[in-house]
K.L.:
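Below you will find the structure I want to go over with you.
Only this structure's heavy atoms are used, side chains among them; waters, hydrogens and symmetry mates stay out. The structure presented is a predicted model; accordingly, all values stated were derived computationally and were not measured.
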Amino acid sequence: MAYSIRKRLVAPPVAETERIHVLGLPNARFYPDREIDAIVQEGLLAVDRELVLLGSAPDGVLPPSNLLALSGGGDKGAFGAGLMVGWTASGQRPEFKLVTGVSTGALIAPFAFLGPSRDEQLRSVFTGFTQENIFIPRWLTSLLYDDALADTTPLFSLISKFVNAEMLGDIAREYSKGRLLFIGTTNIDLQRPVIWNMGAIAASGHPGALDLVRRILLASAAIPGAFPPVLIKVENDGQVYNEMHVDGGAIAQTFLYPPALELEREAACRGIGRERNAYVIRNGRFDPDWGTTQRSFLSITQRTIDAMIHYSGISDAIRIHADAQRDGVRFHLAYIGTDFQFTPLRKFDQAYMQALYDYAFRKARDGYPWVTSISDAYGRRAG
C-alpha cells in the first residue's frame, strides 16, 4: 500500500486542533507544547493503575521507575537494538515504566516496551533486512513532482509484519498495568510536535487502532523529503480532514517528558515517593562525523543537514539531563563510541548494521558503561 499521495483532504482548521480526538479518544495523543496538564493527568492515571496492580503502597513508596528514551538515527538504530538485547543477556535489564521513541527509535520502542520476549524480533528487524526492505528509490524527477525521493511501502509492510493484533494486545495489557509507550511525530501543517499514547490506542478496542499504530510508526520515521509523509484521517463535527505527519526528529531527536512537567513536584502532590532512572539511548555518535565535503550542491546540503541533526540530538540530550537533575532523576546516556569503526557502503547496509548491532550487544552484555552527566559525555572519547 503506497503512501505517496499527491491529493489530500484539507488540514483541520488550526482553531480545532486540540478539540479533535483521533478514533474518538481524548488521550490518544498530546501536543506537548501546550497540553502539559493532559500529559500530567495521563501519568497520574498510570500511577493509579499501577497501585491497583501492586495492591497498595502503605508507606507512600513505590518501586523504582525506569524511563527509556530512544532517539532517531536511521540505520544507526542497530545500536539501540543491540544494546537492548545485550542488556537482557547481562541480566541487568529493568522493566520500563515509560518508553519513548522517535524515528528509528520509534521502531525499537514497542519491542523494548514489551521486554525480552521480543528480543529476537527486534534483532531480526535491525539485522535481517536490507535497504530494499525499507524503501524503493524514485527517479530524481520526484524532486519536482512527488512528495519524497523514495517510496516506503516496503517499510510499512515490515512494520505490519511485526506490529500485529497480538502485539497490540500485549501493549494494551501493559498499559493496563500503568506502563506508558509514547511515540513522537511532527504535524507538519501545524509545525508542532505530537506525542502519541500508543497504550491508550491499543487498549481502546477500536477497529482502526491497529492501522493507526502502524501509521504512527511509519510517520515517526518519515524523514521529510526522503520518505513520504503519512496522512492520518480525522473527523470533527461531521467533517473529515487529513493531518500530515512526518518524522518526529524534525522537532526533537529524543524526548522523555516535557520540561514543564516537573516530576518531583507532581509526586509530592500525590504523597508518593520513588526512585527514578532515566536511560537515554542515542542512536548516533557524540563526537562530530569528520569528512571531506565536496564542492557540490548535494554534498554541501547533505553535510549541513547532517550537522543540524547531529547537534539537535546533542541539545536534546543536554535538555533531558538538565530536566533529570532538576527532578532528582538519575541520568544514564548511551551512544556510539569512537571505538566503533565501520564505514557503510550505502544507507541501511546490512553488514554495517550487523556490525553495529554486535558492537552494542557486546558492550551491554558485559555491563554498559553508562555516562551519567553531559560533561562526562564530552570528555569520554570512546562510548
K.L.:
Checking the side chain of Asn133 only, and the main-chain atoms of Phe129 only, is there a donor and an acceptor separated by less than 3.5 Å?
P.N.:
no
K.L.:
Check Ser90 against Ala364 and note the closest heavy-atom contact, atom names and distance.
P.N.:
CB-O, 3.4 Å
K.L.:
Check side chain to side chain donor-acceptor pair (under 3.5 Å) between Ser373 and all other residues, then give those that pass, not counting sequence neighbours.
P.N.:
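By the side chain to side chain donor-acceptor pair (under 3.5 Å) rule, Ser373 matches Ser375, Asp376.
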K.L.:
About how many Å separate CZ of Phe342 and CD1 of Ile336, when rounded to the nearest 0.5 Å?
P.N.:
12.5 Å
K.L.:
For Arg214 and Leu217, indicate whether the former's side chain and the latter's backbone hold a donor-acceptor pair under 3.5 Å.
P.N.:
no
K.L.:
With the threshold set at 4.0 Å, does a side-chain nitrogen-carboxylate oxygen contact exist between Asp170 and Arg173?
P.N.:
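The answer is yes: the pair qualifies as a salt bridge.
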K.L.:
So which atom in Ile201 and which in Leu25 form the shortest heavy-atom distance, rounded to 0.1 Å?
P.N.:
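Here Ile201 and Leu25 meet closest at CA-CD1, 4.0 Å.
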K.L.:
List in chain and number order the residues that pass side chain to side chain donor-acceptor pair (under 3.5 Å) with Lys177, two or more places apart in sequence or in another chain; answer none if no residue qualifies.
P.N.:
Glu174
K.L.:
Taking side chain as C-beta onward, heavy atoms only, is Thr100 less than 4.5 Å from Ile183?
P.N.:
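In short, these two side chains do not touch, never coming nearer than 4.5 Å.
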K.L.:
Can you check whether Thr254 reaches Val280 side chain to side chain, under 4.5 Å on heavy atoms?
P.N.:
yes
K.L.:
Please tell me if the side chains of Glu18 and Tyr31 come closer than 4.5 Å, counting only heavy atoms from C-beta onward.
P.N.:
yes
K.L.:
Between Ser220 and Ser103, is there a donor-acceptor pair closer than 3.5 Å when you use the side chain of the first and the backbone of the second?
P.N.:
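Yes.
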K.L.:
How would you list, by chain and number, every residue that makes a ring pair (Phe, Tyr, Trp, His ring centres under 6.0 Å) with Tyr279, sequence neighbours excluded?
P.N.:
Trp87, His332, Trp370
K.L.:
Using the rule given for salt bridge (Lys or Arg N to Asp or Glu O under 4.0 Å), can you reason through Arg346 versus Glu132, listing the C-alpha separation, both sets of side-chain angles and the distance that settles it, and then say yes or no?
P.N.:
CA-CA 12 Å; Arg346 61 175 185 167; Glu132 288 72 22; 3.1 Å; yes
K.L.:
Would a distance-only check, ignoring hydrogens and angles, find a side-chain to backbone donor-acceptor pair under 3.5 Å from Arg274 to Pro63?
P.N.:
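Here the side-chain-to-backbone pair exists.
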K.L.:
Starting at CG of Leu210, measure out to CZ of Arg215 and round the result to the nearest 0.5 Å.
P.N.:
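Going from the CG atom of Leu210 to the CZ atom of Arg215 covers 11.5 Å.
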K.L.:
Any donor and acceptor pair, going by atom type alone, linking the side chain of Thr104 with main-chain N or O of Gly74 inside 3.5 Å?
P.N.:
yes
K.L.:
Where is the tightest heavy-atom contact between Tyr175 and Arg49, given as atom of each residue plus distance?
P.N.:
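Here Tyr175 and Arg49 meet closest at O-NE, 2.8 Å.
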K.L.:
Is Ile251 reachable from Ile36 through a run of I, L, V, M, F, W or Y residues, each pair having side-chain heavy atoms under 4.5 Å apart?
P.N.:
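Different hydrophobic clusters.
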K.L.:
Is there a side-chain contact between Ile108 and Asn283 (heavy atoms, below 4.5 Å)?
P.N.:
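Yes. Closest side-chain heavy atoms under 4.5 Å.
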K.L.:
Find the distance between NZ (Lys97) and CG (Leu67) and round it off to the nearest 0.5 Å.
P.N.:
9.5 Å
K.L.:
Tell me every residue that passes side chain to side chain donor-acceptor pair (under 3.5 Å) with Asn66, counting only those two or more places apart in sequence or in another chain.
P.N.:
Asn277
K.L.:
Decide whether Ile318 and Val371 are clustered together by the hydrophobic rule: side chain heavy atoms of Ile, Leu, Val, Met, Phe, Trp, Tyr closer than 4.5 Å, transitively.
P.N.:
yes
K.L.:
Would you check if Phe111 and Gln121 make a side-chain contact, meaning some heavy-atom pair closer than 4.5 Å?
P.N.:
yes
K.L.:
Out of Glu243, Glu35, Glu42, which one pairs with Arg29 under the salt bridge (charged side-chain N to carboxylate O under 4.0 Å, His left out) rule?
P.N.:
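Filter result, single survivor: Glu243.
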K.L.:
For Asn164, what residues pass the side chain to side chain donor-acceptor pair (under 3.5 Å) criterion, not counting sequence neighbours?
P.N.:
none
K.L.:
Mind listing the closest non-hydrogen atom pair of Asp349 and Leu345 along with its distance?
P.N.:
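Distance-wise, the nearest heavy atoms are OD2-N, 2.8 Å.
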K.L.:
Once you round to the nearest 0.5 Å, how far does OG of Ser296 lie from CZ of Arg303?
P.N.:
12.0 Å
K.L.:
If only atom types and distance count, is the side chain of Arg179 paired as donor or acceptor with the main-chain N or O of Phe113 below 3.5 Å?
P.N.:
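A pair under 3.5 Å: yes.
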K.L.:
Output yes when a side-chain donor or acceptor of Arg8 lies under 3.5 Å from a complementary backbone atom of Asn242, and no otherwise.
P.N.:
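It does hold such a pair.
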K.L.:
Salt bridge or not between Arg319 and Asp316? Use side-chain N to carboxylate O under 4.0 Å.
P.N.:
yes
K.L.:
Taking Val163 as the starting point, is it possible to reach Leu168 by hopping between hydrophobic residues whose side chains are less than 4.5 Å apart?
P.N.:
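Yes; Val163 is reachable from Leu168 via cluster members.
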K.L.:
Can you check whether His245's main-chain N or O pairs, donor with acceptor, with Asn187's side chain at less than 3.5 Å?
P.N.:
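Side chain of Asn187 to backbone of His245: no pair is present.
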K.L.:
Testing the 3.5 Å rule here: is there a donor-acceptor pair between the side chains of Gln354 and Asp358?
P.N.:
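There is such a pair (donor and acceptor under 3.5 Å, judged by atom type) between the side chains of Gln354 and Asp358.
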K.L.:
Set out, in order, the CA-CA distance, both residues' side-chain angles and the distance that settles side-chain contact (heavy atoms from CB on, under 4.5 Å) for Val213 and Met167, then state yes or no.
P.N.:
CA-CA 11 Å; Val213 165; Met167 176 179 275; over 6 Å; no
K.L.:
So Phe79 and Tyr359, do their side chains get closer than 4.5 Å, heavy atoms only?
P.N.:
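Contact flag for Tyr359/Phe79 side chains = yes.
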K.L.:
Do you know the tightest heavy-atom contact between Ile39 and Pro258?
P.N.:
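For Ile39 versus Pro258, the nearest heavy atoms are CD1-CG, 3.7 Å.
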K.L.:
Closest heavy-atom contact between Leu68 and Ala112?
P.N.:
CD2-CB, 3.9 Å
K.L.:
Step by step, would you call Lys363 with Asp339 a side-chain contact (heavy atoms from CB on, under 4.5 Å)?
P.N.:
CA-CA 11 Å; Lys363 280 188 170 290; Asp339 54 339; 3.2 Å; yes
K.L.:
Just verifying a value: how many Å separate Thr304 OG1 and Ile309 CD1, rounded to the nearest 0.5 Å?
P.N.:
11.0 Å
K.L.:
Could you check whether Phe286 and Tyr335 have their ring centres less than 6.0 Å apart?
P.N.:
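Centroid distance Tyr335-Phe286: below 6.0 Å, so yes.
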K.L.:
Would you say Leu9 and Val22 are hydrophobically clustered, going by side-chain heavy atoms of ILVMFWY under 4.5 Å?
P.N.:
no
K.L.:
Tell me which pairs pass salt bridge (Lys or Arg N to Asp or Glu O under 4.0 Å) where either residue lies in residues 74-94, with sequence neighbours left out.
P.N.:
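For residues 74-94, and leaving out neighbouring residues, the salt bridge (Lys or Arg N to Asp or Glu O under 4.0 Å) pairs sorted by first residue read Arg93-Asp119.
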K.L.:
Is a donor on one side and an acceptor on the other found under 3.5 Å between the side chain of Ser204 and the backbone of His206?
P.N.:
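Here the side-chain-to-backbone pair exists.
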K.L.:
Is there a continuous path of hydrophobic side-chain contacts, each under 4.5 Å between heavy atoms, that joins Ile374 to Ile314?
P.N.:
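Shared cluster, yes.
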K.L.:
Are the side chains of Leu62 and Leu54 in contact, using a 4.5 Å heavy-atom criterion?
P.N.:
yes
K.L.:
Between Gln341 and Thr338 (side chain of the first, backbone of the second, donor and acceptor by atom type, cut-off under 3.5 Å), is there such a pair?
P.N.:
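Flag set: sc Gln341 to bb Thr338 pair under 3.5 Å.
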K.L.:
Working to the nearest 0.5 Å, report the span between CG of Leu256 and CG of Leu70.
P.N.:
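Here the rounded value is 10.0 Å.
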K.L.:
Should Pro228 and Thr152 count as side-chain neighbours, where that means a heavy-atom distance under 4.5 Å?
P.N.:
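Result yes, sub-4.5 Å side-chain heavy-atom pair found.
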K.L.:
With side-chain contact (heavy atoms from CB on, under 4.5 Å) as the criterion, how do Phe30 and Val194 come out once you've worked through the C-alpha distance, each side chain's angles and the decisive distance to 0.1 Å?
P.N.:
CA-CA 6 Å; Phe30 310 104; Val194 181; over 6 Å; no
K.L.:
If you count every heavy atom of other residues, nucleotides or ligands that lies below 6.0 Å from Gln191 atom CD, does the total exceed 12?
P.N.:
no
K.L.:
List the steps and the verdict of side-chain contact (heavy atoms from CB on, under 4.5 Å) for Ile134 and Phe348.
P.N.:
CA-CA 8 Å; Ile134 307 299; Phe348 300 98; 4.1 Å; yes
